[in-house]
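Note sheet for the following structure.
Positions are given from 1, in the same order as the sequence printed here.
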Amino acid sequence: MEELNAAAEQTKLLFGTTDEAPVSGDWAQWYHEGIPDGPEDVREDKRRKAATEGHCLDCTTMSGCYFIDGEKTFPKYPHHDNCHCKKIRKNPTAVEAGFLSNKFRDYVFNEEYSGNGKEKRFENIYGYNINDSDFLLSEYKRQAKEKYISGDYTLGLLNTYGQRITIEIVLNTPYRGRVAVKTGWMVRPNGLITCNTPFSGDDYTKRK
């Protein structure tokens, strides 16, 4: 919870800056009355209260989240019969892609999780090791932000925890050339997305 609040606060700092151009594109915001964008603990309290009054937790978790307004990039709206949500056509002030922790140093290349096969894949197939953790973190953030803004993502599972999206991160590998790595992200309020998983598959046919 503290890490998520910190990520949200970092994103909020962008909203007051003048050196970053406004985000352009065909955006829309999912809105549910009575659900604040943050802080996270206040937001969750309001969501729980709304649930006791019969409001959908899937809907309230998307309140304040931005999506490109397209058939394949905006969640089903209305989400269900008698849906109280609104789709507001507007752009986020800023967009940021972040991690709640360094998933490469702390997870992918952590011996504690070596059984999941990700470390061997990144080292033996992609040619990256723990010393590349900061580079991978930065590259994932950069590409994910660009693709989220352009609508180059695929909607995934939506449940009470949030709307997930898949973004392909293109890496240059010394053994296999360029590869599109499928990564999982969670859409959060105020133009923030956070990485859930840095690897959920790959595709060598996409030589972007």
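Between Phe67 and Tyr153, the ring centre distance reaches or exceeds 6.0 Å.
Arg164 places a side-chain N or O within 3.5 Å of a backbone atom of Gly162 that can act as its donor or acceptor partner. Side-chain atoms of Thr183 do not come within 3.5 Å of backbone N or O of Phe199 as any donor-acceptor pair. For Asn190 (side chain) and Leu192 (main-chain N/O), no donor-acceptor pair under 3.5 Å exists by modelled atom type. Here the side chain of Ser63 pairs no donor or acceptor atom with the backbone of Thr60 at under 3.5 angstrom. A donor-acceptor contact shorter than 3.5 Å links the side chain of Lys147 to the backbone of Glu168. Asp132 places no side-chain N or O within donor-acceptor distance of the main-chain N or O of Phe135, the cut-off being under 3.5 Å. A distance-only check finds no donor-acceptor pair linking the side chain of Arg43 to the backbone of Pro189 [under 3.5 Å]. A donor-acceptor pair is defined here as one N or O able to donate and one able to accept, closer than 3.5 Å; no such pair exists between the side chain of Tyr126 and the backbone of Arg121.
With sequence neighbours left out, the side chain to side chain donor-acceptor pair (under 3.5 Å) criterion links Arg142 to Glu139, Glu146. With sequence neighbours left out, the salt bridge (Lys or Arg N to Asp or Glu O under 4.0 Å) criterion links Arg47 to Glu44. Residues satisfying the ring-ring contact (aromatic ring centres under 6.0 Å, His included) criterion with Tyr31, sequence neighbours excluded, are absent altogether. Every residue two or more places apart in sequence or in another chain was checked for a salt bridge (Lys or Arg N to Asp or Glu O under 4.0 Å) with Asp106, and none qualifies. Taking Tyr77 as the reference, Trp30 meet the ring-ring contact (aromatic ring centres under 6.0 Å, His included) condition, with sequence neighbours excluded. With sequence neighbours excluded, the residues satisfying side chain to side chain donor-acceptor pair (under 3.5 Å) with Asn172 are Arg178. For Glu119, the side-chain contact (heavy atoms from CB on, under 4.5 Å) test picks out Phe109, Ser114, Glu123, with sequence neighbours left out. When the ring-ring contact (aromatic ring centres under 6.0 Å, His included) test is applied to Trp185, the partners found at least two apart in sequence or on another chain are Phe99. Under the side chain to side chain donor-acceptor pair (under 3.5 Å) criterion, Asn91 pairs with no residue, sequence neighbours left out. Checked against ring-ring contact (aromatic ring centres under 6.0 Å, His included), Tyr107 has the following partners two or more places apart in sequence or in another chain: Tyr113.
No side-chain heavy atom of Ile193 sits less than 4.5 Å from a side-chain heavy atom of Arg188. The closest side-chain heavy-atom distance from Asp202 to Leu171 is not below 4.5 Å. Counting heavy atoms from C-beta on, the side chains of Tyr128 and Val108 never come closer than 4.5 Å.
Taking CG of Asp26 as the start and CD1 of Ile68 as the end, the distance is 7.0 Å to the nearest 0.5 Å. Note that the CZ atom of Arg105 and the CG atom of Asn110 stand 10.0 Å from one another [nearest 0.5 Å]. The CG atom of Asn129 sits 8.0 Å away from atom OG of Ser133, with the distance rounded to the nearest 0.5 Å. How far NZ of Lys103 is from SG of Cys195: 6.0 Å, rounded to the nearest 0.5 Å. Expressed to the nearest 0.5 Å, how far OG1 of Thr160 lies from CG of Leu158 amounts to 9.0 Å. Atom NZ of Lys86 is separated from atom CD of Glu33 by 6.5 Å, given to the nearest 0.5 angstrom.
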Evaluate the side chain to side chain contact (heavy atoms under 4.5 Å, CB included) criterion for residues Val187 and Met62: first the C-alpha distance (whole Å), next the side-chain angles of each, then the deciding distance (0.1 Å), finally the verdict.
CA-CA 8 Å; Val187 182; Met62 288 192 291; over 6 Å; no
Carefully, step by step, assess Gln163 and Leu155 under the rule side chain to side chain contact (heavy atoms under 4.5 Å, CB included).
CA-CA 8 Å; Gln163 174 66 64; Leu155 293 173; 4.0 Å; yes
Please report the C-alpha distance between Val23 and Ile149 in whole Å, then the side-chain angles of each, then the deciding distance to 0.1 Å, and finally whether the side chain to side chain contact (heavy atoms under 4.5 Å, CB included) criterion is met.
CA-CA 8 Å; Val23 179; Ile149 289 175; 4.2 Å; yes
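Evaluation of the salt bridge (Lys or Arg N to Asp or Glu O under 4.0 Å) test over residues 49-73, restricted to residues two or more places apart or in two chains, returns Asp69-Lys87, Asp69-Arg89.
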Compile the donor-acceptor pairs under 3.5 Å between side chains in residues 78-85 and protein atoms, sequence neighbours left out, one pair per line.
residue: His84; atom: ND1; partner: Asn82; partner atom: O; Å: 3.4

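Residues Lys46 and Pro36 come closest through the heavy atom pair CG-CD, 3.6 Å. Taking both residues in full, the closest heavy atoms of Val95 and Pro92 are given as CG2-CG, 3.7 Å, listed atom of the first, atom of the second, then distance. The nearest pair of heavy atoms linking Tyr66 to Gly191 is CD1-N, 3.8 Å.
By the criterion of side-chain heavy atoms lying less than 4.5 angstrom apart, applied directly or through intervening Ile, Leu, Val, Met, Phe, Trp or Tyr residues, Met186 is not grouped with Ile165; the two fall into different hydrophobic clusters. Under a hydrophobic clustering in which Ile, Leu, Val, Met, Phe, Trp and Tyr are joined whenever their side-chain heavy atoms come within less than 4.5 Å, directly or via other members, Ile169 and Leu136 fall into the same cluster.
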